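Written out below as structure tokens is the structure these notes cover.
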Amino acid sequence: MERVRVRFAPSPTGPLHIGGVRTALYNYLFAKKHNGTFILRIEDTDQVRFVEGAEEYIMESLAWCGIKIDEGIREGGKYGPYRQSDRKDIYRQYADVLIDKGDAYYAFDTSNDLDQLRIEAEKTGNTFIYNATVRNMLNNSESMPESEWRKKLDSGEPYVIRYKMPQNEEFHFDDVIRGHIVVNTDTLDDKVLFKSDGMPTYHLANIVDDHLMEITHVIRGEEWLPSLPLHFMLYRSFEWKPPVFAHLPLLLKPDGKGKLSKRDGDRMGFPVFPLFWPYGETAKGYREEGYYPEAFVNILAFLGWNPGTEQEIFSMDELIKAFSIERVGKSGSRFDPEKAKWFNHQYLQKRTDNQLAIEFREILRTKGHHVDIGELEDLVKLVKERVSFVNEIWEQTDFFFVAPEIYDSEAVRKRWKEDSPALLLGLRSELSKLDHFTPDVTEPVIKGWIEKMGYNTGSVMNAFRLVLVGSLRGPHIFDIISWIGKEETLRRIDRGIAVLSGK
RNA sequence: GGUCCAUUCGUCUAGUGGUUAGGACGUCAGGUUUUCAUCCUGGUAACAGGGGUUCGAUUCCCCUAUGGACUACCA
């Protein structure tokens, strides 16, 4: 195979949606699998929809995911520039080539005229299609004598350049994911290739750039499938070899119907964007929600692709090795927030205690607690397998840092009995005899004491947990007292007895 | 409306002209845990419907239904 070159070509019209990130990821995986080149091209031919900050957002998102750009607006490359607005001057000549060949023509119809025609067609239940059947009745260089359209051109009248779609032709083409597709050209229209503002439309710019940049494989979203025949047609007109096309299925919303949108994220409490979007209407991001990029990438990779084995956890390198376009599914995937959490849980378990302690220390700092990293490692060890995100560690360990102020009333009702104060007093005096508070010391002593006294283990331990934690949750009780220490343990027993027996 | 695309457990999916239709998430039950969670074990649950083709269809073909994308001088 020739050297693989793929591109991810987003429009900077706002934050990059996770569907877009997945498209970028699949392009990247495919490129790297084949030792190829991954290109970032910015498609900003629509000046009106340009959004400040979007380019940076796209690049930061890819970087966070570990997707490295080989050629792009920042990286450069010998096929540059990589921003279409910077390539503005090269498109017109290609539109002219098509005109000279008779495959395109000038059209002078105004947007208003066309809107009107569409409305009228709709009234009779039809769809207005600008193509061979009506071309000669409209305002263009096909319907009028050359002298007339030359005059219009010379007088500076606004015009667009339209592709001249052939009439009644069975057009065959292939997509790696969809297979063989046949359409009749009569259902297609004479798409605008060059706008009256001097900019090309997506269709022209895309084909020209893909050709000039020697793109070998176009992997993009399914929303482009309807314009695929046009794109093949353009390659034919230019007599260029088309790249291989692969149209990815869409990402669907978790419930109900339709494709995933920002609203779904808001409604269901999960992000639809990789990173926080700070401009205008802000949006949550996976990074800020505590997802690891490795997990995020793994989740995305499995939305529409699978390796055909039972392995689910894949590093980027493993994904590159295992990836193939042929194993991408045909139907849209619903995003499942629950499974996304599970993935992050898996990745969190693989982190070392030291890594987690460092990450958790940041959260602790915002809460005003400063703790030695070694102690945090001990703490993290106790709860890591219970959490899916670093910020959940706090929810699991808050009572290590702050003695309970209030005691869960349900837990009190269930576990605080008449004899609880007496039992805890006994326990207290046993504990106060000990110098070392590690579990290997405290546990046998206390268990032995309970047995010797003939107490019920649950009665003692649950009451003990209640005064230590404030509720019935948390890790092994002897691990808790080991970490908070003797002094604090005794203090919590005293306070618990004082508060709870006074009720 | 038109064009194109899709359809296996609730979700992500594997899979085959003859399988007990497999896995994961979720869920349920049991076990472990003095608590909660984790964890372990087990269970639940699917080939959209109807016609063909065939000895036999989840698998191939057609129709219907449902869903989706597109239908701009947006990408």
Side-chain angles (χ1 to χ4, degrees), chain A residues 9-13 43-46 48-49 84 107 109-111 114-115 118 121-122 124-130 158-162 175 177-179 181-184 186-189 191-203 205-206 220-229 247 249-250 252 254-255 257-259 299 302-312 327 329-343 345 349 383-387 392 396 411 414-415 447 450 456-466 469 471-477:
Chain A
S11 288
T13 54
E43 307 221 328
D44 58 347
T45 52
D46 185 358
V48 182
R49 294 205 310 159
Q84 288 185 330
D109 317 271
T110 66
S111 297
L114 296 175
D115 286 344
R118 284 188 192 100
E122 216 167 294
T124 59
N126 295 315
T127 308
F128 172 75
I129 305 178
Y130 201 130
Y159 66 92
V160 300
I161 296 174
R162 284 182 182 272
D175 179 277
I177 294 170
R178 309 286 152 173
I181 302 170
V182 184
V183 292
N184 188 296
D186 282 353
T187 64
L188 274 17
D189 65 342
K191 275 271 179 289
V192 171
L193 298 179
F194 206 84
K195 300 185 269 189
S196 57
D197 67 356
M199 284 293 252
T201 61
Y202 171 85
H203 304 293
N206 188 266
R220 71 217 313 190
E222 190 186 73
E223 67 271 24
W224 292 108
L225 203 50
S227 47
L228 184 55
H247 287 83
L250 264 20
L252 273 19
D255 66 334
K257 298 144 201 281
K259 65 173 177 178
I299 293 162
F302 267 70
L303 243 35
W305 171 86
N306 77 83
T309 66
E310 303 209 327
Q311 183 183 351
E312 291 203 274
R327 293 203 64 87
K330 286 176 163 59
S331 52
S333 312
R334 240 170 269 279
F335 182 80
D336 182 358
E338 285 304 318
K339 188 138 189 186
K341 281 183 198 159
W342 177 81
F343 268 107
H345 178 84
Q349 303 316 312
V383 296
K384 71 182 279 192
E385 64 185 20
R386 323 157 73 99
V387 302
E392 285 176 355
Q396 295 290 334
K414 253 173 82 180
R415 298 298 190 182
K447 283 191 169 165
I450 289 171
N456 177 283
T457 308
S459 304
V460 177
M461 298 307 274
N462 283 305
F464 191 18
R465 178 174 294 278
L466 190 52
V469 177
S471 62
L472 300 175
R473 65 190 171 99
H476 196 54
I477 213 157

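If you're wondering where the values come from, they're calculated on a predicted model, not measured in any experiment. Naming: A, B, ... by sequence-line order, numbering from 1 per chain.
Comparing B/rU7 with B/rU59, their C1' atoms are spaced 14 Å from each other, to the whole Å. Only the P atoms considered, B/rA48 is 10 Å distant from B/rU58, to the nearest whole Å. Here the separation of B/rG22 from B/rG15, taken at their C1' atoms, is 8 Å to the nearest Å.
Put simply, CD on A/Glu43 and OG1 on A/Thr201 are 10.5 Å apart, with the number rounded to the nearest 0.5 Å. The structure places CE of A/Met461 at 6.5 Å from NZ of A/Lys447, a figure rounded to the nearest 0.5 Å.
Closest to the side chain of A/Leu472, out of B/rG15, B/rU35, B/rC12, is B/rU35. Checking B/rA69, B/rC4, B/rA6 against every side-chain atom of A/Leu250, the shortest atom distance belongs to B/rA69. For A/Arg178, the listed nucleotide lying nearest its side chain is B/rC5; candidates were B/rA69, B/rC12, B/rC5. Of the candidates B/rA69, B/rC5, B/rU35, B/rU35 carries the atom nearest the A/Arg473 side chain, counting heavy atoms from C-beta on. Comparing B/rU34, B/rU35, B/rC70 against the side chain of A/Arg465 picks out B/rU35 as the nearest. Among B/rU13, B/rC70, B/rU71, the nucleotide with an atom closest to any side-chain atom of A/Thr127 is B/rU71.
Below 30°, between 30° and 60°, or above 60°: for A/Tyr202 and A/Trp224 the angle between ring planes is below 30°, a parallel geometry.
Under the Watson-Crick or G-U wobble criterion, with both distances below 3.5 Å, B/rA57 has no partner in any strand shown. Under the Watson-Crick or G-U wobble criterion, with both distances below 3.5 Å, B/rC9 has no partner in any strand shown. B/rC70: Watson-Crick or G-U partner is B/rG2, with both key distances under 3.5 Å.
Looking at A/Thr13 and A/Asp46, their side chains never come closer than 4.5 Å, going by heavy atoms from C-beta outward. Looking only at side-chain heavy atoms (C-beta outward), A/Lys341 and A/Glu392 stay at 4.5 Å or farther from each other. You'll find the side chain of A/Lys195 stays beyond 4.5 Å of the side chain of A/Pro158, heavy atoms only.
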Close N or O pairs between protein and nucleotides 73-75 of chain B (under 3.5 Å):
residue : atom : partner  : partner atom : Å
B/rC73  : OP2  : A/Arg162 : NH2          : 3.4
B/rC73  : O2   : A/Ser196 : N            : 2.7
B/rC73  : O2   : A/Ser196 : OG           : 2.6
B/rC73  : N3   : A/Ser196 : OG           : 2.9
B/rC73  : N4   : A/Asp109 : O            : 3.3
B/rC74  : OP2  : A/Lys195 : NZ           : 3.1
B/rC74  : O2'  : A/Asp46  : OD2          : 2.9
B/rC74  : O2'  : A/Arg49  : NE           : 3.4
B/rC74  : O2'  : A/Arg49  : NH2          : 3.4
B/rC74  : O2   : A/Arg49  : NH1          : 3.3
B/rC74  : O2   : A/Arg49  : NH2          : 3.1
B/rA75  : OP1  : A/Thr45  : OG1          : 2.8
B/rA75  : OP1  : A/Lys195 : NZ           : 2.8
B/rA75  : OP2  : A/Tyr202 : N            : 3.2
B/rA75  : O3'  : A/Ser11  : OG           : 2.9
B/rA75  : O3'  : A/Glu43  : OE1          : 3.2
B/rA75  : O2'  : A/Ser11  : OG           : 2.3

Sequence-aligned protein contact record of nucleotides 22-32 of chain B, with B where the base is within under 4.0 Å of a protein heavy atom and S where only the sugar-phosphate is: SSBS-------
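We find that CD of A/Gln396 is positioned 6 Å from C1' of B/rA37, with the value rounded to whole Å. The CG-C1' distance, from A/Asn462 to B/rU33, rounds to 12 Å in whole Å. Residue A/Leu225 contributes atom CG, which lies 11 Å from atom P of B/rC4 at whole-angstrom precision.
Under a 3.5 Å cut-off, the side chain of A/His247 and the backbone N or O of A/Arg220 do not form any donor-acceptor pair.
Across all strands, A/Gly304 comes closer than 4.0 Å only to sugar-phosphate atoms, never to a base (heavy-atom distances). A/Pro249 comes within 4.0 angstrom of no nucleic acid atom, judged by non-hydrogen atoms across all strands. Nucleic acid contact class of A/Arg327 (heavy atoms, under 4.0 Å, all strands): sugar-phosphate only.
Qualifying salt bridge (Lys or Arg N to Asp or Glu O under 4.0 Å) partners for A/Arg327, counting only residues two or more places apart in sequence or in other chains: none.
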Full working for salt bridge (charged side-chain N to carboxylate O under 4.0 Å, His left out) between A/Arg334 and A/Asp336: CA-CA 6 Å; A/Arg334 240 170 269 279; A/Asp336 182 358; over 6 Å; no
